[in-house]
Structure formats: structure tokens, C-alpha cells
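The block underneath contains the structure these notes are about, expressed in C-alpha cells.
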Amino acid sequence: MNDKPVRVRFAPSPTGPLHIGGVRTALYNYLFARKHGGTFILRIEDTDQNRFVPGAEEYIIEAFNWCGIDFDEGVTKGGDYGPYRQSERKEMYRQYAEQLIQSGHAYYAFDTPEELNRIRKQFEEEKKTFTYDTVQRKQLRNSLTLSEQEVTELLHNDTPYVIRFKMPEERTVVMNDEIRGRVEVNTKVLDDKILFKSDGMPTYHLANIADDHLMKVTHVIRGEEWLPSLPLHVLLYEAFGWEAPVFAHLPLLLKPDGKGKLSKRDGDRLGFPVFPLQWTDPKSGEVSRGYREDGYFPEAFINMLALLGWNPGDEREFFTLEELSEAFSLDKVSKSGARFDQDKAKWFNHHYLVGKNNEELAELFRPVLEEKNIDAGQKDIPYIVGLVKERVNFVSELWEQSCFFFSAPESYDPKTVKKRWKTNSFDQMTELKEVLAQIDDFTSENTEQTVKAWIEKNEYGMGAVMNAFRLLIVGAAKGPHLFDIIAVIGKEETLARIDRGLEILGKKETV
RNA sequence: GCACCGUUCGUCUAGCCAGGUCAGGACGCCAGGUUUUCAUCCUGGUAACACGGGUUCAAAUCCCGUACGGUGUACCA
């Protein structure tokens with residue numbers, strides 16, 4: 001560690017929508033920055049022009065907006081270390097690559113992709129794997145094997161070339177990862193990675209090291225898939241004579257079943273989103289669902305995601321972003337991959353939904369009503385939502401639990417009819433209707449008191465009466481306190497529903 | 001193939017670094033309770049140290065090996 005002000009970055013490639021694994025990486029970076037009063041940078045790594053997808057960068061920014069993750073520096077935000085889009089930094093990378101050639105840490109290579117592919121194929125046929133390593137580079141066309149004159153000539157003729165890192169032949173690189181501890185690897189199993197491409201752009205390896213250094217990044221927190229590249233990166237810092245940042249490699253997010261990392265396919269197959277926001281592929285028009293569109297609250301999404309691979313060290317489960325920022329620490333990040341669990345995600349959403357106040361929920365529910373062309377009239381939507389919110393995980397499920405407040409049942413659930421509509425139900429309900437008709441003050445408390453007194457007086461049995469009554473009002477065995485429901489729909493509607501139910505269900509004959 | 005990383009209830013995980021708790025919590029599931037239904041809620045239950053060696057009085061914890069899994073091995077990031 002060091003005592004410099006903490007600066008971390010999230011550096012996505014704009015090749016499509018941001019996977020939730022990427023969101024988590026960004027989240028951990030953000031939390032780390034907040035925890036240490038540092039700076040969180042958003043840098044766009046668009047050095048591969050072939051994979052650029054329009055809209056991806058905007059998507060990433062919108063996703064962070066939705067999540068509540070805000071960055072301090074970066075694209076659209078600015079800062080003292082810009083530009084923050086690597087394509088706009090293009091000109092500065094060449095000098096770094098050439099600096100490495102000057103210092104003997106890199107070299108020009110003139111092998112064409114076609115040539116290399118041919119060699120790879122050959123090796124494959126012999127059941128070997130080709131790598132451009134310390135051995136193979138001696139037989140290939142590069143500034144290590146060619147004479148100085150030949151190289152100069154090739155360069156002058158504008159022969160396409162790449163710049164490769166000259167991997168030390170045999171050296172043990174000792175690295176430290178904040179999450180995994182000490183990691184060692186020998187350079188003889190590593191290859192001469194391309195640092196600078198023939199199209200004039202750097203590869204990730206060069207660009208990421210140069211930018212992290214230039215942007216004074218102190219901690220690199222990224223996915224585990226980068227761990228195998230760590231030796232290269234450490235060696236690059238060394239070759240440049242720069243101080244390397246602290247590294248932390250996060251565990252992967254795994255698919256809920258089977259083996260392997262979570263992919264978009266898993267989401268489609270198992271029916272859950274893999275992306276924070278819905279995404280429409282600009283080429284194929286294919287639509288991928290998002291957490292936002294599926295009805296998750298950002299705070300539930302973030303809470304769920306934060307706990308996938310990290311824990312607070314105590315038994316707390318619920319965290320706001322602020323609380324996470326306070327509690328977060330890299331040494332509580334686990335080493336092994338975490339499986340995504342949809343049930344837990346829903347449970348978190350339920351928790352946050354119940355925690356919202358009724359007015360807020362009502363506002364979210366209103367569009368659902370409008371979509372169904374429901375005229376709520378004078379009804380107190382917040383009150384209704386409050387009665388049913390504990391029964392749902394999502395706002396979209398509110399209708400299913402409250403539709404009977406707005407319209408009479410269109411049908412009667414057969415199962416419930418079978419179970420609750422007994423031989424004497426018709427007579428009892430007919431009688432109940434008369435009892436209710438006498439009540440002028442149709443409040444929940446008043447109707448309940450009156451009806452219960454009537455039941456007791458006639459010794460009808462609470463269960464029998466109430467269940468049949470519920471069937472007539474709701475149409476099924478669901479819903480909150482029945483007297484609350486009839487108070488909302490009113491006396492007239494209550495009596496009408498009883499009439500209609502009596503007519504449709506009729507008198508059940510004794511068997 | 002080679003390299004690196006990993007492996008505690010079905011799932012997320014605590015405990016491991018500084019060996020000695022009936023291996024703790026949460027989701028799920030099951031049962032009971034509350035209730036006019038369903039759901040919520042409450043109570044209880046179910047269920048795990050991958051395997052094999054070692055070190056030690058004592059190992060989930062330290063060491064080695066095996067198995068399994070993951071990632072990487074592109075002029076992708």
C-alpha cells in the first residue's frame with residue numbers, strides 16, 4: 001500500500017451492454033474509492049475499433065446512473081487526466097512503445113496474421129500449441145532476427161508491423177494480489193505479447209499500463225480473467241521504471257446451475273436478466289432484458305450484487321450505497337466464484353419494496369393502472385398499495401394482488417369454489433347481504449363488528465362465512481383483510497358483487 | 001496440452017492469515033404458530049468443511065499430493 005490519494009478506475013470496452021459482473025467490478029471500485037476518500041475514474045477502452053458497438057458507452061453511463069454509482073472523473077465528466085477515451089489518446093501510445101524498443105524491452109515484428117495463423121495450424125496438427133515466446137521468436141521475422149538494415153528498410157517501406165514485448169527468457173516474477181496474496185510465475189511460460197498493433201493502436205496491455213500510470217491510478221481492481229496477464233503488466237511497469245499500482249483480482253460471477261461463468265445465455269435460459277438495463281442490439285435488433293425493466297429497484301440490485309463475492313464480516317444483510325461504502329474492504333472479498341441466485345435477488349427486492357412508503361409505491365403503480373385502463377375514481381391508491389405490498393416482490397405484481405379493489409371478479413376460481421362454496425353458502429350469503437344492507441356507516445371496523453356479531457348470533461362459523469364471502473368479493477382465496485376491501489369498494493359495489501356471485505354460483509344442491 | 005486461480009449446507013457466506021466453539025448467519029426448502037383466504041410475519045427443522053496423506057496432544061484452519069472446477073493461452077478487452 002501507499003499513502004498517495006486513492007485513485008481507482010473502471011475501464012470497460014464499449015463492445016455491448018455491461019454484464020452484471022462488470023457492474024460489480026465497477027461497484028467495488030466505487031466503494032473502495034468512497035471508503036478511502038479517493039477518486040473513481042471511468043475510462044473507455046476502445047482500442048479495438050472492430051469491436052466497437054454504437055450505444056455501448058451511453059448504455060454504460062446510463063446503467064451507472066440508474067445504480068447510483070457516480071464517478072468523479074472520466075468521459076462526459078472530464079478531469080485533469082483526460083481524455084478518458086483511449087481512441088482519443090491514440091497518439092500518445094506510440095512513444096511509449098518506442099521507448100520500450102529503445103530500452104531493449106520490446107521489438108518490431110513483421111509476421112503477418114496470416115503467417116502466424118499458418119504456423120498455429122501447423123503446430124495444432126502436431127498437437128502442439130504455438131506461442132510467440134522466447135524460443136519461437138528466434139525463428140520469426142522481427143527486429144531480433146533481422147539485421148538493423150533490413151529492419152530500417154522494412155520500416156521505411158511502410159511494411160506493417162507490430163511491437164511486441166520482449167519477455168525475459170527465464171525469470172520468476174513475484175507478484176502480490178490483495179485478494180489472493182503472493183503469486184509467482186516463471187517467464188518461460190509467457191509469450192511476447194503484442195503491445196502495439198499494426199493499425200496504430202495499442203493493445204489493452206500497453207494502453208492500460210500507460211493510462212493507469214498517467215492517470216495516477218493507485219489500485220487496479222478488476223476481474224479474475226486478468227490474473228494471467230498480471231506478470232506481463234508487472235514486467236511492463238518495471239520496464240518503464242514506473243511504480244506499479246496495487247492489484248486486486250475479483251472472483252467471477254458463475255451461472256446458477258452447472259459450471260462456468262454467468263453468460264447472457266444463462267439469463268435467457270433461466271429467465272433472469274444478466275444486464276442492468278435492457279439492451280437492444282443495434283445490428284440484430286435482439287433485445288436483452290434488464291434488471292431495471294424487470295422491476296428491480298436499483299438499491300435492491302446493488303445490495304444483492306455487493307454481497308456476491310463480498311461480505312461485511314458481520315451478519316448484516318441490508319446496505320445502502322453509503323453503508324456499503326463505509327463497510328467495504330478488499331480483504332473481505334472472497335477468492336472463489338459466486339453463483340447468482342435469483343431467489344435471493346427477489347427477496348432483496350421484496351425487502352426494499354415493502355420499505356418504500358405508500359405514496360411512492362402508488363406513483364409507481366399508477367402507470368400499471370393506466371395501462372389497464374382502470375379508472376381508480378376516488379380510491380385511495382396509497383392506502384390500497386399499503387394493504388397489499390407485503391404480498392409482492394415487484395410493482396408489476398401489485399395488480400394481481402389488488403385488482404379486486406378496482407373491478408368485480410370476472411370469474412370465480414374453481415378450486416376455491418369447490419372448497420368454499422358449500423350447501424348452505426347461498427342462504428348464508430343471501431342473509432349476509434341483508435345484514436350489510438342495513439349498515440350505513442360502511443367502515444371496516446363497523447362492518448366487521450356487525451358481521452361478526454351476526455355470525456356468532458346464528459352460530460354459522462367464522463371460516464365458512466368469511467371464505468364464501470371472500471369468494472364473492474374477490475373471486476379467489478387471496479387478498480388482505482376482507483372488511484378493509486369492502487370498505488374501499490363501498491356498500492353499493494359490495495352488495496352488487498354478492499348479488500352477482502349468488503346468481504352465477506347459485507345454490508349448491510346437497511349431495 | 002501448458003500456466004495461473006479456486007474448492008465450507010442446494011445457493012450466498014462466517015470461521016482459515018494468528019490450529020482447540022455442538023462449524024454460525026442469510027436465501028431456498030420442510031414443519032408448526034398467528035390468521036376469515038393467500039401472502040407476510042414469528043418459531044423450529046433440514047443441510048456443508050472435495051478426497052488422500054502428513055505436521056500436531058489437537059486441523060475446516062498449517063504443509064504436500066490427487067480430483068474436480070474456473071480463467072488465460074488473439075494484431076479482444
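Letters go in sequence order (proteins before strands), and every chain restarts at 1.
Residue A/Pro251 is out of contact with every strand shown, counting any heavy-atom pair closer than 4.0 Å. If you check every strand for non-hydrogen atoms under 4.0 Å, A/Arg180 touches sugar and phosphate atoms only. Contact annotation for A/Asp111: base contact, defined as any heavy-atom pair under 4.0 Å involving a base atom. Counting any heavy atom pair closer than 4.0 Å across all strands shown, A/Lys332 reaches sugar-phosphate atoms only and no base atom. Among the atoms of the strands shown, none is found under 4.0 Å from any heavy atom of A/Thr416. Counting non-hydrogen atoms under 4.0 angstrom, A/Ser198 reaches a base of the nucleic acid. Base contact: A/Val162 has a heavy atom under 4.0 Å from a base atom. Residue-level contact check: A/Thr129 touches the bases, meaning some heavy atom is under 4.0 Å from a base atom. As judged by a 4.0 angstrom heavy-atom cut-off over every strand, A/Gly181 is placed among residues making no nucleic acid contact. A/Leu482 comes within contact range of at least one nucleobase, with a heavy-atom separation under 4.0 Å.
Comparing the P positions of B/rU8 and B/rA50 gives an interatomic distance of 6 Å, to the nearest angstrom. Look at the C1' atom in both B/rA14 and B/rA58: the space between them is 22 Å, to the nearest Å. Taking atom P on both nucleotides, B/rC16 is separated from B/rU35 by 45 Å, rounded to a whole Å. To the nearest whole angstrom, the two C1' atoms, one in B/rG32 and one in B/rG19, are 41 Å apart. Using P as the reference atom, B/rC29 and B/rA67 are 38 Å apart when rounded to the nearest Å. Annotation: B/rC76 and B/rU71 have their C1' atoms spaced 15 Å apart (nearest Å). Comparing B/rA47 with B/rG25, their P atoms sit 14 Å apart, to the nearest whole Å. Taking atom P in both B/rC9 and B/rA48, the straight-line distance is 9 Å, to the nearest Å.
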| message | With ring-ring contact (aromatic ring centres under 6.0 Å, His included) as the criterion, how do A/Tyr296 and A/Phe301 come out once you've worked through the C-alpha distance, each side chain's angles and the decisive distance to 0.1 Å? | response | CA-CA 6 Å; A/Tyr296 283 88; A/Phe301 174 66; 7.5 Å; no
| request: Show your reasoning for whether salt bridge (charged side-chain N to carboxylate O under 4.0 Å, His left out) applies to A/Glu115 and A/Arg118. | output: CA-CA 5 Å; A/Glu115 282 167 10; A/Arg118 205 176 310 130; 5.9 Å; no
| request: Determine, step by step, whether A/Ile163 and A/Ile194 satisfy the side-chain contact (heavy atoms from CB on, under 4.5 Å) criterion, reporting the C-alpha distance in whole Å, the side-chain angles of both residues, the deciding distance to 0.1 Å, and the verdict. | output: CA-CA 6 Å; A/Ile163 295 174; A/Ile194 291 174; over 6 Å; no
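When each of A/Phe196 and A/Lys419 is assigned the nucleotide of RNA chain B bearing its nearest heavy atom, the one mapping closer to the 5' terminus is A/Lys419. Residue A/Phe340 is the one, among A/Ala477 and A/Phe340, whose nearest nucleotide of RNA chain B lies closer to the 5' end (criterion: closest heavy atom).
Separating the CG atom of A/Leu254 from the C1' atom of B/rC5 is a distance of 13 Å, rounded to the nearest angstrom. The separation between A/Leu232 atom CG and B/rU73 atom P is 11 Å, rounded to whole Å. Following rounding to the nearest Å, A/Leu305 (CG) and B/rU11 (P) show an atom-to-atom distance of 19 Å. One interatomic measurement links the two molecules: CZ of A/Phe123 to P of B/rU73, which rounds to 18 Å at whole-angstrom precision. Atom NZ of A/Lys335 is separated from atom C1' of B/rG15 by 13 Å (rounded to the nearest Å). Straight-line distance from the CD atom of A/Glu126 to the C1' atom of B/rC2: 17 Å, rounded to whole Å. Rounded to whole Å, the distance from CG on A/Leu230 to P on B/rC5 is 11 Å.
Each of B/rU73, B/rG6, B/rA77 was ranked by its minimum atom distance to the side chain of A/Glu225; first place goes to B/rA77. Taking every side-chain heavy atom of A/Ala338 into account, B/rC12 is the closest of B/rU36, B/rC76, B/rC12. Taking the side chain of A/Ser229 as heavy atoms from C-beta on, and the options B/rA77, B/rC4, B/rU37, the nearest nucleotide is B/rA77. In the set B/rA77, B/rU13, B/rU37, B/rU13 carries the atom at the smallest distance from any side-chain atom of A/Asn311.
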| note | Protein heavy-atom contacts under 4.0 Å, written 5' to 3' over nucleotides 21-27 of chain B as B (base), S (sugar-phosphate only) or - (none), form the string ---SSBB
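Using the Watson-Crick or G-U wobble rule with both distances under 3.5 Å, B/rG52 pairs with B/rC64.
Side-chain contact of A/Tyr107 with A/Asp192: a donor-acceptor pair under 3.5 Å is present, judged by distance alone. A/Asn157 and A/Thr159 form no side-chain donor-acceptor contact under 3.5 Å, judged by distance and modelled atom types alone. In the model, A/Tyr93 has a side-chain atom that pairs as donor or acceptor with a side-chain atom of A/Asp211 under 3.5 Å.
A heavy atom lying under 4.0 Å from RNA chain B marks none of the residues of residues 395-410 of chain A.
Test A/Glu225, A/Glu224, A/Glu178, A/Arg222 against A/His249 for side-chain hydrogen bond (donor to acceptor under 3.5 Å, both in side chains) and you get one pass: A/Arg222.
For the side chain to side chain donor-acceptor pair (under 3.5 Å) test, residues two or more places apart in sequence or in another chain that qualify with A/Tyr84 are A/Glu73.
Both tests pass for A/Lys128 against the ring of A/Phe123: distance under 6.0 Å to the centre and angle within 45° of the axis. A cation-pi geometry, defined here as NZ or CZ lying under 6.0 Å from the six-membered ring centre and within 45° of its normal, holds between A/Arg164 and A/Tyr132.
Counting heavy-atom neighbours within 6.0 Å of A/Lys335 NZ, excluding the residue itself, gives a total of 12 or less.
Between A/His205 and A/His233, the ring planes are tilted. Angles from 30° to 60° get that label.
For A/Lys415, no side-chain nitrogen or oxygen approaches OP1 or OP2 of B/rU37 to under 4.0 Å. For B/rA77, one of the phosphate oxygens OP1 or OP2 lies less than 4.0 angstrom from a side-chain nitrogen or oxygen of A/Thr47.
A donor and an acceptor atom never sit less than 3.5 Å apart when one is taken from the side chain of A/Arg339 and the other from the base of B/rU11.
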